Structures are given as structure tokens and as C-alpha cells.
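Written out below as C-alpha cells is the structure these notes cover.
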Amino acid sequence: MRGKLLYEGKGKQLFASDVENELIQIFKDDATAFDGIKHDVIAGKGVLNCAMSTFFFERLHEAGINTHFIRREGKAEMRVKRLSMIPVEVVVRNVAAGSICKRLGLEEGMELDYPLTELFYKSDELHDPLINTEHAELFGWAAREDIIFMRDAALKVNQALSDILTASGIRLIDFKLEFGRANGEILLGDEITPDGCRLWDAKTGQKLDKDVFRRNLGNLPEAYHEVASRLGVSL
Ligand code: TMP
Ligand code: ASP
């Protein structure tokens, strides 16, 4: 029941569906990093990400967090509500890693006293620059109250995901969320997968996320399978 291709990103495609205001989101096997400079096709990654995203969206619904997810409709395919995306990415960090270490000279692995939220302007050409609420408001990307809502929702997501992952021996280091509007409501959109999170084994510190690909640390499907199987996610 797939209609016209409406949008193609680095990791997903969005198609029209048979229902107005519902879209089909397909997870591609492509892996990209550094704004697309590093690219590979990894067989099975789309299915793994669709399965894990489904699992996390379902858990978030149970926790009372509204998302665009409707249901999984194929191995690498889910039905979602059509959103008008807000071009502001919300990152939550529990432990210092990645760009914040470079930006502020922090050591990777430093525990933060409380979860930090950061905002980034979604633009590949500009390499997703860090912004604050004033930028978002001044340039018309999101109103102040929308930013407050997204930050609050992101912290609730952090709590829900941290609880689930901790129970499986995985530390949630950081993650990125994207939100959009539907019928005057802001919903969590995009995906929740190890592509957009940092996940470390609680005992060994082994990386089980896209850093495996970014930094050539080993086999990406193996790491993603490990996360899926610990969570009890069936493919
Ligand atoms: P960063 O350390 O590169 O700022 O990323 C923080 C987390 O957010 C990390 O888990 C990766 C994720 N992220 C994306 O998936 N895409 C993005 O465009 C950005 C800025 C972050
Ligand atoms: N900035 C993200 C990463 O390094 C997304 C991307 O560049 O594709 O993975």
C-alpha cells in the first residue's frame, strides 16, 4: 500500500500511504556518518533499526509519550502519522561523549551530574550547528514554549529509555530526537535506534551503537543484534 516517495534521507524513506496524513517509513540498509561523507550499505541494518524503533516507540507509548508511530507493517517498514518537522534536533546526554567532548575539551565517559539537553539546527550543509532557544525563536524554527515542551519530552524519553536499557545491562550515554507537528500537537518523530544513540555495555564499556561504524571499531550488525537480543526484540 505504498504511494509516492515524499522524502528520502540518509537512513530512511517516507512514502505516501492509502490513508491521508499517514505515511510509510522505510528503514534503509545505508549507514552514513559525518554528514554523509562516510557511507556504506550494511545488509540487515534496516530490519534491525525498524524492529528496535518499533520496540522503543511502543514502550514510550506505554510511558505516556506521544509519537508518530502507528504500527510496524513490514520487516523494515512502519506506518507513521504525517508530521510537519521542526528543524531543531534535541540531544540528551547522561555521559560526555562525541561532539561535546571536542567542543568543551571534556574526557569521554565523564558522568554528568544530571541529564543535559542541547539543541542543534538540522542542516547537513551547516553540519547541524549547536543553537539555543533564542536562535530557534528568532529564526522561526520553534517557539519558546515548543522548545520547553520538546526538552521536557526528551527528558521523559531519557528516563523511560534509561530504565529499559539499564535492565538489559546497557548504559544510555546520549541520544538525538526529532519532533514534528500534527493537528496542533507536537509528536516525537523520526526513529529511535542505535544510529541516533550512544549505548555502552554496562560492564565492559563496549560500544554497541553507530560509533562502531563511525570509528571503525568492529562489526555494526553484530553490535545492533546484541542490543536487540538483550532487549528481547524479535526481528
Ligand atoms: P554528537 O555527540 O555528535 O553531538 O551526538 C550526540 C548524539 O546524538 C549521538 O548519540 C548521535 C546523535 N546524533 C545523531 O544521530 N544525528 C545528529 O545529527 C546529531 C547532531 C546527533
Ligand atoms: N552527525 C551524525 C553522525 O555523525 C549524522 C550524520 O552525519 O549522518 O552520524
Side-chain angles (χ1 to χ4, degrees), residues 7-12 25 27-28 30-40 42 45-46 48-50 52-53 56-57 67 85-112 114-132 135-136 141-142 147 150-151 153-155 157-162 164-166 170-180 188-202 205-217 220 223-224 227:
Y7 168 84
E8 174 140 24
K10 296 187 292 270
K12 293 187 297 293
Q25 172 161 283
F27 291 77
K28 304 199 290 187
D30 299 62
T32 67
F34 314 115
D35 302 316
I37 287 172
K38 184 172 161 78
H39 176 250
D40 213 343
I42 300 176
K45 176 170 170 287
L48 276 159
N49 277 350
C50 185
M52 283 192 272
S53 222
F56 287 125
F57 281 138
T67 83
M85 295 308 289
I86 296 168
V88 174
E89 302 184 339
V90 183
V91 166
V92 180
R93 302 181 189 274
N94 298 304
V95 174
S99 74
I100 197 174
C101 293
K102 249 198 223 159
R103 197 178 338 118
L104 301 179
L106 306 178
E107 199 174 322
E108 183 171 89
M110 190 186 104
E111 283 270 1
L112 305 179
Y114 51 86
L116 173 71
T117 60
E118 290 182 335
L119 307 175
F120 294 87
Y121 176 50
K122 191 173 163 69
S123 164
D124 275 351
E125 303 90 85
L126 300 175
H127 311 293
D128 296 342
L130 180 76
I131 60 164
N132 65 26
H135 294 96
W141 300 323
I147 298 289
M150 292 192 287
R151 284 198 138 116
L155 291 172
V157 170
N158 185 48
Q159 190 60 58
L161 295 185
S162 293
I164 296 163
L165 288 160
T166 302
I170 296 170
R171 287 174 80 198
L172 179 59
I173 304 304
D174 59 29
F175 60 93
K176 180 262 305 180
L177 300 178
E178 295 184 28
F179 294 84
L188 177 62
D190 192 44
E191 64 176 56
I192 301 181
T193 68
D195 277 6
C197 303
R198 285 196 172 88
L199 305 172
W200 296 356
D201 181 279
Q206 190 194 347
K207 292 178 172 46
L208 300 170
D209 56 63
K210 204 169 88 174
D211 273 345
V212 170
F213 171 76
R214 289 192 194 95
R215 305 185 191 177
N216 302 314
L217 300 176
L220 179 135
Y224 284 26
V227 175

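Keep in mind that this is a model prediction, so the values were computed, not measured. Counting starts at 1 for both ligands and their atoms, following the listed order.
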Indicate, as side chain, backbone, both or neither, the part of [X] found under 4.0 angstrom from ligand 1 when only non-hydrogen atoms are considered.
X      : answer
Cys197 : backbone
Arg93  : side chain
Glu89  : side chain
Asp195 : backbone
Arg214 : side chain

Task: Note: Lys12-Glu178 ion pair, threshold 4.0 Å (strictly below) - done: no

- [ ] Answer yes when Asp209 and Arg198 have at least one side-chain N-carboxylate O distance shorter than 4.0 Å, and no when they do not.
- [x] no

TODO: Calculate, to the nearest 0.5 Å, the distance between atoms CZ and OG1 belonging to Phe175 and Thr193 respectively.
DONE: 12.5 Å

Task: Distance in Å, His135 NE2 paired with Ile147 CD1, rounded so as to fall on 0.5 Å steps - done: 11.5 Å

Atoms in ligand 1 flagged as close to [X], the criterion being non-hydrogen separation under 4.0 Å:
X      : answer
Ala97  : 2 (O)
Gly196 : 10 (O), 12 (C), 15 (O)
Gly98  : 2 (O)

Open item on the list: With a 4.5 Å cut-off on side-chain heavy atoms, are Asp124 and Lys10 touching?
Closed with: yes

Open item on the list: Test your reading of the structure: does Arg198 have an N or O sitting under 3.5 Å from an N or O of ligand 1?
Closed with: yes

TODO: Would you name the heavy atoms of Pro194 and Leu208 that are closest together and state the gap between them?
DONE: CB-O, 3.9 Å

Task: Lys45 NZ/CZ over Tyr224 ring centroid, <6.0 Å and within 45° of normal - done: no

